[in-house]
Asker: 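Structure below; questions to follow.
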Amino acid sequence: MRKLLGSLLLLGGAGLWCLMRRREGLLPVRIGRALLDDLAVLDHQIRVRRTTWPELLENVLTEGLGAELLWRPLLERIRAEGASLPQCWQEGVRTLPPPLGKLLGPLGPLLPEGGDTLAKAIQETREELTRFLREETARQAAQGRITAAMSLAGACLAILVFV
């Protein structure tokens with residue numbers, strides 16, 4: 001009975017480790033999807049509704065993972081430091097997991113301008129972000145299968161050795 005319980009604990013631990021690694025690895029994908037949605041809202045609000053940046057940050061982009069990791073800290077930086085929007089943007093995107101900060105960084109200098117130039121840049125950024133999400137999701141799926149196979153194989157080997 002002890003051997004069975006020990007074996008189950010080893011397999012359960014290996015499975016749990018795989019799940020934790022997968023969740024950890026998918027964080028950039030989850031953040032990227034949230035920011036992709038937020039960029040669509042941002043594009044619409046700037047181009048169509050002509051919403052100002054303070055109103056956008058205070059009233060529109062207030063929920064979700066993107067708000068938690070980018071929009072709220074950006075608003076706080078602008079208020080606390082009184083720095084320019086492009087400077088605060090560069091500091092804000094620097095805290096995002098790679099390569100999200102690199103993908104969003106070029107928007108910074110265009111933010112105060114608004115208009116068609118910013119709309120085009122947002123659209124290009126959304127396309128690059130979509131490409132990254134597609135590639136990263138496929139890579140994570142393949143890596144997840146390999147990680148699961150290796151950890152479960154290691155657990156099975158440990159069970160065979162110790163039982």
Side-chain angles (χ1 to χ4, degrees), residues 14-81 83-154:
L16 199 61
W17 183 78
C18 287
L19 290 175
M20 287 174 37
R21 290 280 303 177
R22 175 131 173 97
R23 183 178 169 100
E24 185 180 293
L26 285 177
L27 184 61
V29 173
R30 290 180 37 231
I31 295 170
R33 285 186 183 133
L35 291 174
L36 185 64
D37 294 341
D38 288 348
L39 286 176
V41 170
L42 180 68
D43 182 41
H44 176 74
Q45 291 291 327
I46 289 175
R47 218 172 17 90
V48 177
R49 302 202 61 210
R50 307 270 188 226
T51 308
T52 62
W53 271 101
E55 186 180 342
L56 267 169
L57 296 174
E58 291 172 359
N59 302 326
V60 179
L61 298 170
T62 58
E63 295 181 19
L65 198 53
E68 183 181 324
L69 297 173
L70 181 62
W71 308 116
R72 274 188 229 127
L74 178 62
L75 180 61
E76 290 169 9
R77 271 191 187 93
I78 291 171
R79 285 181 177 162
E81 299 171 13
S84 69
L85 182 59
Q87 181 183 0
C88 291
W89 178 265
Q90 293 305 327
E91 292 170 12
V93 297
R94 206 173 292 139
T95 63
L96 296 173
L100 298 176
K102 186 178 178 183
L103 291 172
L104 295 172
L107 291 177
L110 303 174
L111 295 176
E113 293 178 24
D116 291 336
T117 306
L118 179 59
K120 184 179 178 188
I122 289 172
Q123 189 59 36
E124 289 173 2
T125 301
R126 290 189 76 232
E127 289 170 6
E128 289 177 28
L129 193 51
T130 301
R131 188 172 25 260
F132 161 72
L133 292 172
R134 190 176 323 120
E135 292 169 0
E136 185 64 12
T137 301
R139 190 186 73 76
Q140 287 288 336
Q143 184 177 351
R145 286 189 295 272
I146 292 169
T147 302
M150 295 296 287
S151 64
L152 292 175

Asker: For R139 and E136, which heavy atoms make the closest approach, and how far apart are they?
Answerer: NH2-OE2, 2.8 Å

Asker: Taking all non-hydrogen atoms of both residues into account, name the closest pair between L61 and A67 and its distance.
Answerer: O-CB, 3.6 Å

Asker: Hey, what do you get for CG (L27) to CD (Q140), rounding to the nearest 0.5 Å?
Answerer: 10.0 Å

Asker: One thing to verify: whether R50 and E55 come together as a salt bridge, which I'm taking to mean a side-chain N less than 4.0 angstrom from a carboxylate O.
Answerer: no

Asker: Taking salt bridge (Lys or Arg N to Asp or Glu O under 4.0 Å) as the test, write out the residues that go with D43, two or more places apart.
Answerer: R47

Asker: I'd like to check Q123 versus R126 (side-chain heavy atoms, cut-off strictly below 4.5 Å). Are they in contact?
Answerer: yes

Asker: Under a 4.5 Å cut-off applied to non-hydrogen side-chain atoms, are L35 and L65 in contact?
Answerer: no

Asker: Taking side chain as C-beta onward, heavy atoms only, is M150 less than 4.5 Å from I146?
Answerer: yes

Asker: Only counting residues at least two apart or in another chain, list the ones meeting side chain to side chain contact (heavy atoms under 4.5 Å, CB included) with V93.
Answerer: L70, W89, Q90, L96, L104

Asker: Answer yes or no: is there a side-chain heavy-atom contact under 4.5 Å between P86 and P112?
Answerer: yes

Asker: Testing the basics here: between G32 and L129, what is the closest heavy-atom pair and its distance to 0.1 Å?
Answerer: O-CD2, 3.6 Å

Asker: So which heavy atom on L107 is nearest to which on L118, and how close?
Answerer: CD2-CD1, 4.4 Å

Asker: Would you find more than 12 non-hydrogen atoms of other residues, nucleotides or ligands less than 6.0 Å from E63 atom CD?
Answerer: no

Asker: Compare every heavy atom of I78 with every heavy atom of L57, then report the nearest pair and how far apart it is.
Answerer: CD1-CD1, 4.0 Å

